[in-house]
Amino acid sequence: MTTIWLGVGLAMAGIILIGPLRWAMAIAAMTLPMAATMVLAVGADPITLPVLTTLAFCLRHATTLVTKPQREIFLSLVAREWPLLALLGYALVSGVFFPRLFAGMTVVPSQDMARDGFAILGPHLTSLPQMAYFLVASYFYIALRQSILRVGPMPLVIGIAIQALAFGGMGFMQAMLGLVGVEFPVDWLVTNTQYALLTIVESAGFVRVTAGFVEASAWAGWAAGPLAFCYALFINRVAAVPALLVGGALAATMLLSTSSSAYAGLFVLAVIAVAHALVDPSPARRLRAMVVLGVGAGVFVAVAGLILSAEPGQGFLGDLRMMLEEMTVRKQYSYSAIERGKMAEVGFQAGLDTFGLGAGFGTVRASGIIATLFGAIGVPGLILFLAFVAMAARILLVRPRTRQDAIRFAAGFAFMSSMGPLVVSGVGLDLTNMIWVYAAIARTQWTPAPAMETVAAPREAPAEPARAGA
């Protein structure tokens, strides 16, 4: 299977290198989150495919920089991304020098917890692969921005749609079959028996939703983005019917996922959606938003009430209640929660022990992106990361007037909604996170599209005929 997986990756990389740019963008976006999956990965490292496709896209883009116009556009984009550029520089410098500078001063949750566990900081923890991943991810993000300027964002939107249909559809099927007591087999998808199988809990035939991902939180971290994207497209009347159907299926599946990361994503999504609806000057869009949010809240209350009304252990709903409480309310006592809590605590302590500068990028793999970044790159890196987030989220302050605005708004919404699961269970600025795609779309203004909501412009009065002798 390793050979097959490698062959698929090389074939897709080949298409990216020699195929149309639109195909290259769609494939790169579509395969990005597959590092967190185990689909067809029996005996193979699942990160192989997205790494190959991402590197191929970056190589293709690099070949365009031989021309002066494209090189000037690229340098202009780089200059505008000063928070990311400064963050990258600080990450590389800290990753190389800080493990030596602060050697022996703190303990960190290492990148390979199974092998090194909580380790004393030292040069041996320098992680060149993590630094390389972040460098490639930063270049990939800017390359996507420049590609959007050339052909627009629709190839990336298509890649997101394919993901939503594949992983969202699989998760929805898994949840629905579980509701009727039909087991959805997942053993053939999972090879990491040391950890992933611990997160796949089954009760009365209902298995926690993983949809091919290694664990429920990994699927939830991915699903928050497409759900927010679909919601924003619907309220802006862009592909409204498909967005409503796919978004509804994703929302229902996240509700049934029993994943705390999923609920964090839903919470962030709901907060942003309500805040935007309250200040939205468009009555029609505000009404659509309130209807969707009202229906969603009603369904959530109804389902929660139905589950909580059942006696624990009595029938299917009782078993589902036990699972829900086990995975949320009582999860603090689980092995996973204890381990994650300890990782976050040690990550924060590493940042404090290094005077707020961090132990070095790539040395810390805590649970939750804030703990990871503070432990690895300290206060300076965390401030730069928040500046990057603010720049990507700025589109949410713009009233969508055109199709272009709506797609950029949807991407910004998806970017921010993805932050919820990242704060709960994210382990860092991974190359294979969809935030790079969402940020690229949100930050890039391409050729204006026809207006969706046009305001009739006042007609100019006809010029008066010239008077004789004037």
Side-chain angles (χ1 to χ4, degrees), residues 6 8-35 47-89 91-92 129 131-163 388 391-392 395 403-404 407-408 411-412 415 429-449:
L6 182 61
V8 171
L10 290 173
M12 289 189 171
I15 296 174
I16 288 175
L17 287 172
I18 64 176
L21 178 58
R22 289 179 173 84
W23 290 20
M25 294 170 67
I27 292 173
M30 178 183 66
T31 57
L32 202 59
M34 294 188 74
I47 201 174
T48 301
L49 176 60
V51 165
L52 286 174
T53 55
T54 303
L55 288 176
F57 187 84
C58 291
L59 178 60
R60 176 186 177 131
H61 176 268
T63 61
T64 66
L65 301 183
V66 296
T67 63
K68 185 177 179 181
Q70 292 299 318
R71 188 165 58 250
E72 290 178 345
I73 294 173
F74 176 75
L75 293 176
S76 174
L77 290 173
V78 170
R80 295 173 188 174
E81 294 294 341
W82 62 266
L84 179 61
L85 195 64
L87 175 60
L88 176 62
L92 296 179
M131 288 185 276
Y133 284 157
F134 188 31
L135 178 63
V136 172
S138 301
Y139 184 92
F140 176 65
Y141 160 69
I142 298 176
L144 284 179
R145 289 200 61 191
Q146 189 164 358
S147 300
I148 292 172
L149 291 175
R150 294 178 61 185
V151 299
M154 286 311 296
L156 300 179
V157 175
I158 291 172
I160 295 170
I162 293 173
Q163 288 178 14
F388 169 72
M391 292 179 70
I395 187 63
R403 181 177 294 270
Q404 174 187 155
I407 294 175
R408 292 181 63 201
F415 176 84
L429 297 175
D430 291 336
L431 163 65
T432 55
N433 198 302
M434 282 295 291
I435 62 173
W436 305 112
V437 176
Y438 297 137
I441 299 174
R443 288 276 293 141
T444 309
Q445 187 171 0
W446 59 96
T447 304

Looking at every heavy atom in both Ala392 and Ala442, which two are closest together, and how far apart are they? O-CB, 3.6 Å
Are Met391 and Arg80 side-chain neighbours, meaning at least one heavy-atom pair lies under 4.5 Å? no
In terms of heavy-atom contacts, Tyr141 and Ala440 come closest through CE1-N, 3.4 Å
Assess whether side-chain contact (heavy atoms from CB on, under 4.5 Å) is satisfied between Thr53 and Met30, documenting all intermediate values. CA-CA 10 Å; Thr53 55; Met30 178 183 66; over 6 Å; no
Return the minimal non-hydrogen interatomic distance between Pro153 and Ile407, and the atom names on each side. CG-CG2, 4.1 Å
By salt bridge (Lys or Arg N to Asp or Glu O under 4.0 Å) - contacts of Arg145 (at least two apart): Glu81
Note, Leu65 side chain near His61 side chain (heavy atom, < 4.5 Å): yes
Minimum heavy-atom distance Thr31-Ala28, with the two atoms named: OG1-O, 3.5 Å
Centre-to-centre under 6.0 Å for Tyr139 and Phe74, is that the case here? yes
Do Leu32 and Phe140 have side chains that approach each other closer than 4.5 Å (heavy atoms only, starting at C-beta)? yes
Below 4.5 Å, heavy atoms only, C-beta onward: do Arg443 and Leu77 meet side chain to side chain? no
Distance check, rounded to the nearest 0.5 Å: Gln146 atom CD versus Thr64 atom OG1? 5.5 Å
For Arg71, look at atom CZ and say whether over 12 heavy atoms of other residues, nucleotides or ligands are found less than 6.0 Å away. yes
Provide the closest heavy-atom pair for Met25 versus Gly152 in the form atom of the first, atom of the second, distance. CE-O, 3.6 Å
Over all atoms of both residues, closest heavy-atom pair of Ala56 and Leu17: O-CD2, 3.4 Å
Do Ile27 and Phe57 have side chains that get closer than 4.5 Å, going by heavy atoms? no
Side-chain contact test, heavy atoms from C-beta onward, threshold under 4.5 Å: evaluate it for Ile158 versus Arg22 and give yes or no. no
Tell me every residue that passes ring pair (Phe, Tyr, Trp, His ring centres under 6.0 Å) with Tyr438, counting only those two or more places apart in sequence or in another chain. none
